[in-house]
Amino acid sequence: MGGLLALGSIMSMITLTPFFVFLFTIVFMASIGKSFGVRRLYVNLLVKIFEFGRQNIESVRQQQYANITKSVEEVEQARARNNPTVAGTGTDTGDGPETKVNGNIPNGNSNSSSSNSQYHRLSNGGDALPYIVNGGNTVISRAESLILSPEMIDDTPSKSAEPHEDDAVGEEGTDGDEGVGTDCGSEGGEHEAAGFKLANCLDYVKSGMEAIIEDEVTSRFLAEELKNWNLLTRTNRHYEFISWRLTVIWMIGFLIRYFILMPMRVLICFIGVVYCVIGFAIVGLIPMYRLRRAMNDVVFKHTFRMITRSISGVVRFHHPEYKPKNCGFCVANHTTPIDIAILSTDCTYSLIGQRHGGFLGVLQRALARASPHIWFERAEAKDRLFVAKRLKEHVSDPVNPPILIFPEGTCINNTSVMQFKKGSFEVGGVIYPVAIKYDPRFGDAFWNSSRYSMMQYLFLMMTSWAIVCDVWYLPPMYRAEGESAIDFANRVKSVIAKQGGLVDLVWDGQLKRMKPKKEWKEKQQEKFSKLLKGE
């Protein structure tokens, strides 16, 4: 019995000692912001694996479609043998106009050699045909003047909403106008004199149908679609059983992510959180302000570097000469709570945001012990006044770190930038814009808070391949003389969207939780009533 215990202790020392040395090395290198380059090699290897998977999927798809085409041709030949009267594709049967037999070829294309292979080649992210939407952000185009925009609507009738003088209601040239004007009798003539045409309503009906199919807001709160599969079944692609090679790769990846990477990531994150709670508690007890501020800077960066390392974060910073300085606002687009950890690996910030419970609440309370952060309840009006006052006090002190703000107020899915709240742009002071763009191939960083809790989201992050992103520091911006806070916010938003390759939208991100404002509807109703009156 004693021999077995001795053997067990020896085996545990042989296995656990290297593991803890390896773990300590990761945590230490993370805390000082250094790396051996293993994560970058890992990311490059993943890119090659994804490319192999893409080629494999396309090859299988082409082979499957070739088999379908071959079977269709065999069916057509059998039909031709059994029924000679329809043997030719252009044979006149005597019952009407010339007919063509095209089988089950998509879109009725009878050319089964070139167009069919092109059709199937695209089902996995290649050159898409017009009727295949694969990973795009827009399904349809629409008349911008008919959208319920939060911006001020011009009272001048738009081109799309004006009476059509040359276009018919139907698609039969000038006969359409006669159908509207003459067939309605004298009553129709009175409406014509008042400036009313049935065509005036059609643009609004069309716009409503387009909004039902796809609107610009709802799609921004769903996971970003991928052009190629990244071997994760949580994405919009499910190709794990399309071929045995891909199945083997997917199973190996599953084992690596869930049984090797995830336990290590959870342990590193736990160490980071414990370090955060203990470290900031000790820093908060230091009486000397300068020493406390210096130690806060060290613990702050160490904490978020370890948390970022726990999700295999690979961050590329651009233009470090524009890094935010003290006494100002760092303004960035918002995709995930991890944005804070990503940015805080390179600079110390004072944070402002909604008060949370659970895991985020633990971090918020720990951070508040050592440095000036602002947490508030979004629904309380008195908190909004308190926040505005605290912001002015903070930027008036030149030794305070910059305040990190996400003016959208909610997480957007890494494809666009939505309306910036004007509060932080009214205070004054310098604005340091920062653009963040995640690479969705390695993991979807977007937090859909209406679907996943914080712990569920962290589980998805720690079972992803990695979190890879680019961060661009942009030149500081100042509010121009006579410029309103809203115009300044839109100007900053436009710069961030352009640098990050994101869509610049005017919509309020809070629309995912509330209905559009009544004033927007009334503006459109007023505009349409003027059109009917002929004003």
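Just so you know, residue 1 is the first one in the sequence shown, and it goes up from there.
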A quick test of your reading: do over 12 heavy atoms of other residues, nucleotides or ligands sit less than 6.0 Å from [atom1] of [X]?
X      : atom1 : answer
Tyr322 : OH    : no
Gln63  : CD    : no
Lys301 : NZ    : yes
Lys392 : NZ    : no
Phe28  : CZ    : no
Lys323 : NZ    : yes
Tyr289 : OH    : yes
Ile374 : CD1   : yes

(message) Angle between ring planes, His373 versus Phe300, binned at 30° and 60°: parallel, tilted or perpendicular?
(response) parallel

(request) Indicate the ring-plane relationship of Tyr258 and Phe459, choosing parallel, tilted or perpendicular according to the 30° and 60° boundaries. (result) tilted

(request) For side chain to side chain contact (heavy atoms under 4.5 Å, CB included), just list the numbers for Val331 and Met477, CA-CA rounded to whole Å, side-chain angles, deciding distance to a tenth of an Å, and then say yes or no. (result) CA-CA 10 Å; Val331 174; Met477 301 179 67; over 6 Å; no

(request) Would you check, one step at a time, whether the test side chain to side chain contact (heavy atoms under 4.5 Å, CB included) holds for Asn490 with Lys493? (result) CA-CA 5 Å; Asn490 289 334; Lys493 177 166 67 78; 3.8 Å; yes

To the nearest 0.5 Å, what is the distance between [atom1] on [X] and [atom2] on [Y]?
X      : Y      : atom1 : atom2 : value
Ile249 : Ser243 : CD1   : OG    : 8.0 Å
Ile412 : Thr335 : CD1   : OG1   : 8.0 Å
Ile49  : Leu231 : CD1   : CG    : 7.5 Å
Phe36  : Thr25  : CZ    : OG1   : 6.5 Å
Arg369 : Arg292 : CZ    : CZ    : 14.5 Å
Phe304 : Tyr349 : CZ    : OH    : 11.5 Å

When you compare the side chain of [Y] with that of [X], does any pair of heavy atoms fall below 4.5 Å?
X      : Y      : result
Ile311 : Met462 : yes
Trp447 : Met454 : yes
Arg39  : Arg309 : yes
Ile242 : Arg61  : yes
Ile256 : Leu261 : yes
Ile268 : Leu23  : yes
Phe221 : Met418 : yes
Met264 : Ile26  : yes

(request) Indicate whether the side chain of Tyr275 and that of Ser31 have a donor and an acceptor atom separated by less than 3.5 Å. (result) no

Looking at every heavy atom in both [X] and [Y], which two are closest together, and how far apart are they?
X      : Y      : result
Asn296 : Ala370 : OD1-CB, 3.7 Å
Arg220 : Leu505 : NE-CD1, 3.5 Å
Pro402 : Thr348 : CD-O, 3.7 Å
Cys330 : Val434 : SG-CG2, 3.5 Å
Arg265 : Ser464 : NH1-O, 2.6 Å
Cys411 : Pro337 : SG-CD, 4.2 Å

(message) Treating Arg293 as the side-chain partner and Val399 as the backbone partner, does any N or O pair qualify as donor plus acceptor under 3.5 Å?
(response) yes

(message) Treating Thr308 as the side-chain partner and Gly313 as the backbone partner, does any N or O pair qualify as donor plus acceptor under 3.5 Å?
(response) no

Report all side-chain donor-acceptor pairs from residues 435-446 shorter than 3.5 Å, counting only partners two or more places apart or in another chain.
| from | atom 1 | to | atom 2 | distance (Å) |
| --- | --- | --- | --- | --- |
| Lys437 | NZ | Asn414 | O | 2.6 |
| Tyr438 | OH | Asp339 | OD1 | 2.4 |
| Asp439 | OD1 | Arg441 | N | 3.2 |
| Asp439 | OD1 | Arg441 | NE | 3.1 |
| Asp439 | OD2 | Arg441 | NE | 3.2 |
| Asp439 | OD2 | Arg441 | NH2 | 2.7 |
| Asp444 | OD1 | Phe446 | N | 3.3 |

(message) With a 4.0 Å cut-off on N to O distance, would you call Lys48 and Glu51 a salt bridge?
(response) no

Distance-only donor-acceptor pairs under 3.5 Å for side chains of residues 465-476, two or more places apart:
| from | atom 1 | to | atom 2 | distance (Å) |
| --- | --- | --- | --- | --- |
| Trp465 | NE1 | Asn230 | O | 2.7 |
| Asp470 | OD1 | Arg316 | NE | 2.9 |
| Asp470 | OD1 | His318 | NE2 | 2.8 |
| Asp470 | OD2 | Arg316 | NH2 | 3.0 |
| Tyr473 | OH | Asp346 | OD2 | 2.7 |

(request) Check step by step if side chain to side chain contact (heavy atoms under 4.5 Å, CB included) holds for Lys325 and Tyr432. (result) CA-CA 8 Å; Lys325 307 295 191 301; Tyr432 297 97; 3.4 Å; yes

